[in-house]
Amino acid sequence: MPLAASFPPSLFRYASFRSSLSKTLSLLPLPLPSRYARRPFSLSYSSRRPFHKHPSRSSFRPRPMPNPSLSPLSTDAAPALIPSPDPDPTAAVSTRSKKKARRESPEGLLRYHLDMCSKRSDLPEALRLYDAARAASTSLSLHHYNVLLYLCSSPSDATDDTRALGLERGFEIFRQMGADAVSPNEATFTSVARLAAAKEDADLAFDLVKQMSSVGIPPKLRSYGPALFGFCKKGEVEKAHDVEAHMAAAGVVLEEPELAALLRLNVEKGRADDVYRLLHRLRAIVRRVSESTAAIAEEWFSSDAAAEVGVEEWDAGKVKEGVVKGGGGWHGQGWLGKGRWSVGRSEMDENGVCRRCGERLVCIDIDPQETEDFVKSLASLASQREVKTDFMGFQEWLNRHGPFDAVIDAANVGLYKQHNFSFFQLNSVVKGMRQMSPSKKMPLIILHCRRVKGGPADNPNNKKLLETWQKAGALYATPPGSNDDWYWLYAAVSCRSLLVTNDEMRDHLFELLGTSFFPRWKEKHQVRLTFSRKGPSFHMPPPYSIVIQAPPLDVLGPELAWALGVLGEERRRAEGGEEMRGRSWQDYGLGNGSASADNSSGYGFVNGSASADSRAGLGGIGF
């Protein structure tokens, strides 16, 4: 019987394997090399595969050697398999070897040791390494120079001698960088600007920022700091405002430290109009301020300049129009009334009423057009990152079934402090929000589709819950592969409803929104949760806006006031502390009634312009 007939028929089903084997054997001289010979045949009919380990077709192809003459397996046919009879010798050097060579080169070793100096803030050692590299004619890259300039401009816990050494050598290194024709970047200019500020040369620091812009390098907020803080420290108010204007032209937004420095400078100079403008910028950008910024505002309201500034007559109609246009809490008409301000620390009670003057901070409306623009922007972003037809289908569904008084991030609620998804916990929140709703309508429940089938969803009780929610038109299951965050956020914003979630909304998705609108919206609409044996506790948004407010109580009367809240322990209590019950939805623009909230403290500034007793009116800087 022929040898082939003795093999099982399954062997011949692997035609590609048989063809590959025959081609390989034709290229290799017999006997086969030991690496093939060690692989035994399996002749058992019970085995589906002819070999214990079935090698892929490519593994039988002979590997081309750099030099065919050195291969013990070479034959006359072998050279045809080699792409080039004389390949480039550098091709044999592996990527790993190249990286190792770079690391062990003089430039690579210098980079490593300079990085270690930066980590330890060791300026003297970095300068020693720099001098040694110059002596050895080692070429320095942009990274080398930036590390050296950073250390020279930012000596940590350094002595006066070390700081002086950093200043002297820093400018020398920067000049050498120019001589070596190494192009600087933003980090380079920022470090040199810090060196200039350390020498109290704010003009040079500002010139460096201007150079950045002229060569097409966009400055960052940190780039302006040395010049701005330098001018503020020296009391050069006009130059400081020139830096502020340059930042605005470059699209760089000031943060609290920069605004506080400008505010302090203008308070010291008694520039009332700029103080008013900067308080408004703090209101728009920072909202809650730190204790140190509050102290600057207190200094202003206690000053003679604040008592003397202001008009005694104003157009009540314009003031009312300004309040309405700004959403409440701010009229934008400048200082109204004259007289000394009564300054003292106060607290807001659970309803946002000042314990010092008895008036209540308002809940500032968000401009409807701004909300509409944000809805469109959100829909555009979601359509780019989700399957467009899926998200458009959700928009159509929402138009049919909405609007809703509340939207629940069901995944966040159902998994809160749970190992497995809890429909019982989710249902308790659904019932609680429905009971609180002025319309008694069931809230919208957003769940990913994998949560509505399989696992806990197959439990009979949970199935009934899902069916009930579906029949009520209150459940939307997001499609496979989707990010349900886009869906519940869009629904909450477009319906102008409350959003029930403990998600802090700080990840990349929310960073994409890139607008000051979102923090303001979240402040007024997010409901946080805690759970106990008694059930869920709803931590509602505060009944007043946590933002600077300065409205007159009565635009026809003499009394005006500000209140200044402070970021501190009160903020932590307000953001996650005690249970908040008994609040109606009027406080969030959804109904009528009163509410409760944690107390928050702050400064009260009262101006009794034409009044002798300085009775309190209330505007405020809320935090």
Side-chain angles (χ1 to χ4, degrees), residues 366 371 374-375 378 381-382 385-386 391 394 398 402-418 420-437 441-452 465 469 474-478 482-513 515 517-532 535-542 546 572 574-581 583 585 587-590 597:
I366 298 174
T371 302
F374 185 76
V375 169
L378 188 60
L381 280 170
R385 285 160 178 80
E386 297 289 310
F391 194 78
F394 170 67
L398 190 62
F404 295 88
D405 292 332
V407 177
I408 298 178
D409 174 10
N412 182 273
V413 172
L415 289 171
Y416 180 73
K417 293 188 176 180
Q418 300 288 331
N420 297 310
F421 189 87
S422 172
F423 278 92
F424 176 81
Q425 185 164 283
L426 174 58
N427 188 45
S428 66
V429 173
V430 171
K431 291 193 294 185
M433 293 304 296
R434 184 178 188 179
Q435 185 177 1
M436 294 170 62
S437 169
K441 183 176 181 178
M442 192 174 289
L444 173 58
I445 305 157
I446 301 290
L447 262 179
H448 195 276
C449 62
R450 69 174 180 271
R451 299 285 182 194
V452 299
L465 276 177
W469 296 340
L475 174 65
Y476 189 86
T478 60
S482 64
N483 183 346
D484 57 352
D485 291 3
W486 289 113
Y487 292 79
W488 52 252
L489 181 58
Y490 176 83
V493 177
S494 62
C495 293
R496 279 69 167 172
S497 62
L498 294 176
L499 173 62
V500 184
T501 181
N502 284 331
D503 193 329
E504 290 299 329
M505 293 178 268
R506 292 173 179 162
D507 60 19
H508 178 64
L509 181 154
F510 302 102
E511 290 177 359
L512 290 172
L513 302 178
T515 173
F517 174 88
F518 183 60
R520 288 184 284 127
W521 180 89
K522 189 172 76 167
E523 176 187 289
K524 285 193 63 176
H525 293 82
Q526 184 176 5
V527 179
R528 293 178 172 84
L529 298 167
T530 55
F531 290 90
S532 65
S537 297
F538 300 92
H539 303 276
M540 309 295 283
I546 308 173
R572 290 191 288 273
E575 288 188 347
E578 302 169 4
E579 177 180 352
M580 304 179 190
R581 293 186 180 274
R583 177 176 303 168
W585 294 30
D587 303 303
Y588 320 108
L590 301 172

What I'd like to find out is whether the side chain of [X] reaches to under 4.5 Å of the side chain of [Y], using heavy atoms alone.
X: Arg496; Y: Thr371; value: yes
X: Gln418; Y: Leu426; value: no
X: Pro443; Y: Arg434; value: yes
X: Val430; Y: Leu465; value: no
X: Met505; Y: Asp485; value: no
X: Val493; Y: Phe518; value: no
X: Leu398; Y: Tyr476; value: no
X: Pro541; Y: Val527; value: yes

Stepwise, does the side chain to side chain contact (heavy atoms under 4.5 Å, CB included) test hold for Tyr487 with Leu444? CA-CA 11 Å; Tyr487 292 79; Leu444 173 58; over 6 Å; no

Geometric class of the Tyr490/Phe394 ring pair [parallel <30°, tilted 30-60°, perpendicular >60°]: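 Rings of Phe394 and Tyr490: perpendicular, over 60°.
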
Using every non-hydrogen atom in the two residues, find where [X] and [Y] come nearest and quote the distance to one decimal.
X: Phe531; Y: Pro536; result: CE2-CB, 3.5 Å
X: Cys495; Y: Pro403; result: SG-CA, 3.9 Å
X: Gln425; Y: Ser422; result: N-OG, 3.0 Å
X: Ala474; Y: Phe404; result: CA-CE2, 4.3 Å
X: Ala491; Y: Ser497; result: O-OG, 4.2 Å
X: Asn412; Y: Asp503; result: ND2-N, 3.5 Å

Given side chain to side chain contact (heavy atoms under 4.5 Å, CB included), test Trp486 with Leu381 step by step and report yes or no. CA-CA 9 Å; Trp486 289 113; Leu381 280 170; 3.8 Å; yes

Mind running side chain to side chain contact (heavy atoms under 4.5 Å, CB included) on Phe391 and Arg385 for me, showing each step along the way? CA-CA 10 Å; Phe391 194 78; Arg385 285 160 178 80; over 6 Å; no

If I take atom [atom1] from residue [X] and atom [atom2] from residue [Y], how far apart are they, to the nearest 0.5 angstrom?
X: Leu447; Y: Trp488; atom1: CG; atom2: CH2; value: 13.0 Å
X: Met540; Y: His525; atom1: CE; atom2: NE2; value: 11.0 Å
X: Leu415; Y: Asp409; atom1: CG; atom2: CG; value: 9.5 Å
X: Asp484; Y: Arg451; atom1: CG; atom2: CZ; value: 9.0 Å

For Tyr416, check side chain to side chain donor-acceptor pair (under 3.5 Å) against everything at least two apart and list the hits.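 By the side chain to side chain donor-acceptor pair (under 3.5 Å) rule, Tyr416 matches no residue at all.
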
Which residues satisfy the side chain to side chain donor-acceptor pair (under 3.5 Å) test with Ser482, sequence neighbours excluded?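 Ser482 satisfies side chain to side chain donor-acceptor pair (under 3.5 Å) with Thr478 once adjacent residues are dropped.
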
Can you tell me which residue among Met433, Met436, Lys524 is in a side chain to side chain contact (heavy atoms under 4.5 Å, CB included) with Leu498?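 Of the listed options, the one satisfying the test is Met433.
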
With no hydrogens and no angle check, is any side-chain donor or acceptor of Lys522 less than 3.5 Å from a backbone partner on Glu504?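 It does hold such a pair.
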
